[in-house]
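Quick one: this structure, given as structure tokens, is what I'll be asking you about.
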Amino acid sequence: MKIVRFILGLAITCQFAGQAANVSGQTGSSQYAPTAAQKAAAEQFITEAYLRGNIRFLASDLLEGRGPGTRGDELSMSYITAQFEAMGLRPAAANGGWIQEVPLVGITSGAPKTLTFRSGDKSLAIQHYEEFIAGSGRPQEELTIGDTEIVFVGYGIQAPEYQWDDFKDVDVRGKILLMMNNDPADDPNMFAGSKRLYYGRWDYKYAQAAKMGAVGAFVIHTTPSASYPFQVVQSSWTGEQMSLGDEAENDLPLKGWLTEDATRKLTALAGFDLDELRKQAESRDFRPVPLKTTTSITLKTLVRNATTGNVLALLPGSDPELSKEWVVFMAHHDHIGMTEARDASVDHIYNGAIDNASGVGCLLGIARAITNLPPDERPKRSILFAAVGAEEQGLLGSKFLSNNPPIAAGRLAAVINMDGMNILGRTKDVEVVGFGKSDLDQTVQRVARWQDRVVVGDQFPEKGYYYRSDQFSLAKIGVPAVYLGNGVHVIGKPDGWGKEQLRIWNDTIYHQPSDEYQDDWDFSGAIEDAHLMFYVGMITANQKDLPRWVPGDEFEATRQQAIESLKK
């Protein structure tokens with residue numbers, strides 16, 4: 001995710017009061033008050049000093065950006081394991097240990113300085129890094145794609161439920177696809193209107209290209225469609241790229257990005273207008289457009305087998321029956337790592353302080369609070385604390401966890417995910433990303449009202465944040481999720497202050513070396529949000545019934561199948 005979502009929430013508008021009242025006024029949001037023991041544990045163990053200490057260490061240069069399969073990754077897992085063990089938790093990995101090993105294949109691609117497109121007797125050369133990014137998805141020493149046609153496929157989506165097929169009967173096997181980011185947004189009755197669905201994510205698009213037999217795909221980057229500037233593509237898609245070990249052989253051979261300006265020049269070379277092509281792609285009637293333009297590319301690659309891990313710790317529940325079901329608290333411990341130090345004066349460590357040392361700090365604080373409850377206050381359901389790896393590489397650690405859960409998916413009651421915490425101060429509201437998907441929303445509302453806060457839904461639904469962090473992996477196996485954004489109304493700050501913080505973050509900090517720990521952060525908002533998640537987890541762990549997806553939700557059928565499978 002990401003932290004862009006966290007800071008985007010700061011762009012408060014005058015619609016805040018109406019939106020907040022509209023969401024919090026829904027039924028089932030009666031006031032809640034924690035027990036005296038729960039309140040004492042939250043206040044004593046989820047503290048500023050504890051959060052600061054954890055984040056300061058995890059985001060230090062010593063851990064070298066916590067890139068998966070690196071020394072810093074190992075140090076972070078060792079640190080988290082030691083914290084869990086000191087709390088008296090039990091190891092929960094299948095092998096009886098603390099760490100569920102996640103096998104990875106890392107590929108570092110050496111792209112050419114220029115990429116040349118040819119159409120008839122005309123040609124166009126664009127510059128690597130400034131105009132295009134390209135990498136190999138296959139674990140082989142060299143990838144060569146020669147004289148291959150480019151085909152514009154609109155959004156590259158096949159969605160039968162919307163009677164939408166961007167490919168129709170056109171054979172794109174062996175082609176390189178040119179694809180728009182996001183999904184269609186003009187019609188509120190299709191693709192949830194302006195709300196981005198999984199169809200709008202780059203990982204869906206590359207997977208779809210591979211499914212259709214293409215040899216490569218370039219996604220057209222625009223800041224609105226990606227929700228971040230091209231510099232994030234430059235930092236996130238250069239250097240080592242990873243896949244799960246058993247999936248790399250079937251991955252898309254060529255994965256790339258083009259800037260909008262470079263794409264405009266490419267389509268003009270082919271005799272097309274980019275804006276007109278994009279307009280055509282907004283219709284169900286769209287058919288792929290061969291650009292009658294070809295390119296060739298050779299990528300020299302370094303392939304590395306590596307291992308990261310999900311640190312898994314369990315607090316057994318106190319109820320003989322309900323303890324068979326687990327509530328999951330989760331945060332990812334990895335970040336991007338380091339780039340090659342070409343200039344000693346330039347910071348080349350991507351420390352990932354907010355993204356996501358802050359989430360791990362809160363995970364540990366919540367674990368400390370729960371494990372220090374008196375015996376008669378221990379939760380009835382078991383609690384799994386999961387610090388997962390390789391999130392920045394495409395949710396790989398949580399995907400491996402969902403493919404290999406320590407108990408049956410139907411017994412995982414809920415997941416509460418932490419990805420980027422609020423360091424700007426207390427807010428009058430709290431954002432639920434994916435609001436309206438499950439009855440866990442009502443639990444969040446109850447706690448928020450007790451905190452004298454209001455719940456708002458997605459402030460930026462067009463960004464698709466629900467599909468960009470680790471709770472999505474568990475949702476895909478049917479587990480209802482809580483994923484909180486930060487409130488948008490920062491107490492004590494003037495109008496417009498949040499917008500300026502958004503601009504600074506989006507332009508200079510997200511997925512950059514500047515995401516470093518700062519002494520002047522205000523942790524009051526992070527603490528209040530962590531308290532909220534602690535209380536939500538306790539309610540969920542003690543209530544009689546399992547949380548449910550709302551009827552008709554995209555994950556409801558999977559949940560029902562997971563529960564039914566327990567009866568066999």
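The first residue in the sequence is number 1, and the count goes up from there.
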**Item:** Backbone of N404 reached by a side-chain donor or acceptor of Q100 within 3.5 Å
**Value:**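 Yes.
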Derivation and outcome, side chain to side chain donor-acceptor pair (under 3.5 Å), residues R548 and S438:
CA-CA 6 Å; R548 298 178 181 179; S438 80; over 6 Å; no
Checklist entry - Looking only at atom types and distance, does a side-chain atom of D429 sit under 3.5 Å from a main-chain N or O of H489, one as donor and one as acceptor? => result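 At least one qualifying donor-acceptor pair exists.
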Please tabulate, for side-chain N and O atoms in residues 247-254, each donor-acceptor pair with protein atoms closer than 3.5 Å (sequence neighbours left out).
unit_1	atom_1	unit_2	atom_2	d
E247	OE1	K399	NZ	3.0
E247	OE2	K399	NZ	3.1
D251	OD1	K255	NZ	3.2
D251	OD2	S243	OG	3.3
D251	OD2	K255	NZ	2.9

*NZ of K195 to OH of Y465: how many Å apart, nearest 0.5 Å?*
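Rounded to the nearest 0.5 Å, the NZ-OH separation comes out at 14.0 Å.
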Note to self: Under a 3.5 Å threshold, yes or no: a donor from one side chain and an acceptor from the other, between S473 and S398?
What the structure shows: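 Short answer, yes.
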(Q) Can you give me the closest heavy-atom contact between P288 and V151, atom names plus distance? (A)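 Looking at all heavy atoms of both residues, the closest pair is CB-CG1, 3.9 Å.
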First locate atom CE of M338, then atom CG of N351, and finally report the distance between them rounded to the nearest 0.5 Å.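 With rounding to 0.5 Å, CE (M338) is 10.5 Å from CG (N351).
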Check: So, Q208 and Q158: side-chain donor and acceptor under 3.5 Å apart, yes or no?
Finding: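 On atom types as modelled, these side chains qualify, holding a pair under 3.5 Å.
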*If you round to the nearest 0.5 Å, how far is CD1 of I407 from CG of L384?*
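L384 atom CG to I407 atom CD1 measures 8.0 Å (nearest 0.5 Å).
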**Asked** Mind checking what makes salt bridge (charged side-chain N to carboxylate O under 4.0 Å, His left out) contact with E564, not counting sequence neighbours?
**Response**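 E564 satisfies salt bridge (charged side-chain N to carboxylate O under 4.0 Å, His left out) with K567 once adjacent residues are dropped.
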| field | Exercise: identify the closest heavy-atom pair between P406 and L401 | value |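 Nearest heavy atoms, P406 then L401: CD-CD1, 3.8 Å.
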With K476, which residues qualify under side-chain contact (heavy atoms from CB on, under 4.5 Å), at least two apart?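 In terms of side-chain contact (heavy atoms from CB on, under 4.5 Å), with neighbours along the sequence ignored, K476 is linked to F472, F555.
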- Charged N-O contact under 4.0 Å between R264 and E260: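 Salt bridge between R264 and E260, a charged N being under 4.0 Å from a carboxylate O: yes.
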| Nearest-0.5 Å distance, CZ of residue F534 to CD1 of residue I539 |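 Reported to 0.5 Å precision, the distance equals 10.5 Å.
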Taking the side chain from Q512 and the backbone from S514, do they hold a donor-acceptor pair closer than 3.5 Å?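 Flag not set: sc Q512 to bb S514 has no pair under 3.5 Å.
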Would you call Y198 and D203 a side-chain contact if the rule is heavy atoms closer than 4.5 Å?
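Y198 vs D203: side chains touch.
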Do the rings of W237 and W202 sit parallel, tilted or perpendicular, given the 30° and 60° boundaries?
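Aromatic pair W237/W202 classed perpendicular.
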Would you please indicate yes or no on a ring centroid separation below 6.0 angstrom for F132 and F230?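 Not under 6.0 Å, so no.
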### Query
If you draw a 6.0 Å radius around NZ in K279, do more than 12 non-hydrogen atoms from other residues or ligands fall strictly inside?
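Not buried by this count: 12 neighbours or fewer within 6.0 Å.
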_Does R284 have more than 12 heavy atoms from other residues, nucleotides or ligands lying within 6.0 Å of its CZ?_
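Enclosed.
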Can Y199 and Y467 be said to form a ring-ring contact (aromatic ring centres under 6.0 Å, His included), step by step? CA-CA 10 Å; Y199 292 119; Y467 306 96; 9.2 Å; no
| field | Side chain to side chain, E528 and V430, heavy atoms closer than 4.5 Å | value |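 No; the side chains remain at least 4.5 Å from each other.
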At their closest point, which heavy atom of H332 faces which heavy atom of D334, and how far apart are they?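 H332 and D334 have their closest heavy atoms at ND1-OD1, 3.0 Å.
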* Looking at Y466, is K437 sitting on its ring face, NZ or CZ under 6.0 Å from the six-membered ring centre and within 45 degrees of the normal? ->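 Flagged: K437 positioned over aromatic ring of Y466.
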*Considering only heavy atoms from C-beta outward, does the side chain of F435 approach that of Q445 to under 4.5 Å?*
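Heavy-atom side-chain distance check passes, below 4.5 Å.
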For N422 and L424, indicate whether the former's side chain and the latter's backbone hold a donor-acceptor pair under 3.5 Å.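 Yes.
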Distance-only side-chain donor-acceptor flag, Y155 / E282, under 3.5 Å
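Short answer, yes.
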- Message: Please check this pair: side chain of Q234 against backbone of Y129, looking for a donor-acceptor N/O pair closer than 3.5 Å.
- Response: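 Here the side-chain-to-backbone pair exists.
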Check your understanding: side chain to side chain contact (heavy atoms under 4.5 Å, CB included) between V360 and I80: does it pass, once the steps are laid out?
Key -> CA-CA 8 Å; V360 175; I80 295 165; 3.8 Å; yes
For the residue pair I157 and Y204, establish whether any side-chain heavy-atom pair is separated by less than 4.5 Å.
->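 The answer is yes; the side chains approach within 4.5 Å.
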Can you find a pair of side-chain heavy atoms, one from V388 and one from M330, that are under 4.5 Å apart?
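V388 vs M330: side chains touch.
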Is the backbone of V232 close enough, under 3.5 Å, to the side chain of S236 for a donor and an acceptor to pair up by distance?
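Yes: the side chain of S236 pairs with the backbone of V232.
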* Asked: How long is the gap from CZ on F400 to CG on L395, to the nearest 0.5 Å?
  ->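 With rounding to 0.5 Å, CZ (F400) is 15.0 Å from CG (L395).
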_Pairing residues for Q241 by the side chain to side chain donor-acceptor pair (under 3.5 Å) criterion, not counting sequence neighbours_ =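 Applying side chain to side chain donor-acceptor pair (under 3.5 Å) to Q241 gives none.
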Checklist line | Inter-residue atom distance L546.CG - I563.CD1, 0.5 Å rounding | finding: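 CD1 of I563 is found 5.5 Å from CG of L546.
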Hey, does the side chain of H335 reach the backbone of A357 with a donor-acceptor pair shorter than 3.5 angstrom?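 No, because the side chain of H335 does not come within donor-acceptor range (under 3.5 Å) of the backbone of A357.
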TODO: Give a yes-or-no answer on whether the side chains of E392 and H511 include a donor-acceptor pair shorter than 3.5 Å.
DONE: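 Yes, a side-chain donor-acceptor pair sits under 3.5 Å.
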- Task: Kindly give the heavy-atom pair with the smallest separation between T308 and G69, and that separation in Å.
- Result: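 Minimum heavy-atom contact is CB-N, 4.3 Å.
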Criterion side chain to side chain contact (heavy atoms under 4.5 Å, CB included) on I176 and V215, from CA distance to verdict:
CA-CA 6 Å; I176 295 175; V215 296; 4.0 Å; yes
ask   = Within a strict 4.5 Å, meaning less than it, do heavy atoms of the M421 and D529 side chains meet?
value =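 Contact flag for M421/D529 side chains = yes.
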Quiz item: Given side chains that start at C-beta, do those of Y350 and T339 come closer than 4.5 Å, heavy atoms only?
Solution: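 Yes. Closest side-chain heavy atoms under 4.5 Å.
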Just by distance, no angles: are the side chains of R381 and T540 close enough, under 3.5 Å, to form a donor-acceptor pair?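 No, no side-chain donor-acceptor contact under 3.5 Å.
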Task: Verdict with reasoning, I133 to T238, per side chain to side chain contact (heavy atoms under 4.5 Å, CB included) - done: CA-CA 7 Å; I133 298 293; T238 54; 3.8 Å; yes
Test R287 against V170 for side chain to side chain contact (heavy atoms under 4.5 Å, CB included), laying out the working first. CA-CA 8 Å; R287 293 178 62 82; V170 177; 3.6 Å; yes
Report the residues that fulfil salt bridge (charged side-chain N to carboxylate O under 4.0 Å, His left out) with E101, sequence neighbours left out, ordered by chain and then residue number.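 Partners of E101 by the salt bridge (charged side-chain N to carboxylate O under 4.0 Å, His left out) criterion come out as none, since no residue qualifies.
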Exercise. Work out which heavy atom in Q543 is nearest to a heavy atom in T443; give both atom names and the distance.
Key: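 Scanning both residues completely, I find the closest heavy atoms to be OE1-OG1, 4.5 Å.
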Donor-acceptor list for residues 179-193 side chains, cut-off 3.5 Å, not counting sequence neighbours:
unit_1	atom_1	unit_2	atom_2	d
D183	OD2	L197	N	2.9
D187	OD1	N189	N	2.9

- Query: With distance as the sole test, does Q393 use its side chain to make a donor-acceptor pair with the main-chain N or O of M242 at under 3.5 Å?
  - Reply: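 Such a contact is found between Q393 side chain and M242 backbone.
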Practice problem: May I ask you to test the D419-E391 pair for a side-chain heavy-atom distance under 4.5 Å? | Solution: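 Side-chain contact under 4.5 Å: yes.
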Query raised in the report: With the threshold set at 4.0 Å, does a side-chain nitrogen-carboxylate oxygen contact exist between D275 and R278?
Result: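 A salt bridge links D275 with R278.
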| field | Check: Y228 main-chain N/O paired with H221 side-chain donor or acceptor under 3.5 Å | value |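 Pair found, side chain donor or acceptor close to backbone of Y228.
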Grab the two heavy atoms, one from V433 and one from G485, that are nearest each other, plus how far apart they are.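 Smallest heavy-atom distance, with atoms named: CG2-N, 3.8 Å.
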Review point. Hey, is the main chain of G397 close enough, under 3.5 Å, to the side chain of N310 for a donor-acceptor pair?
Key: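 Answer holds: yes.
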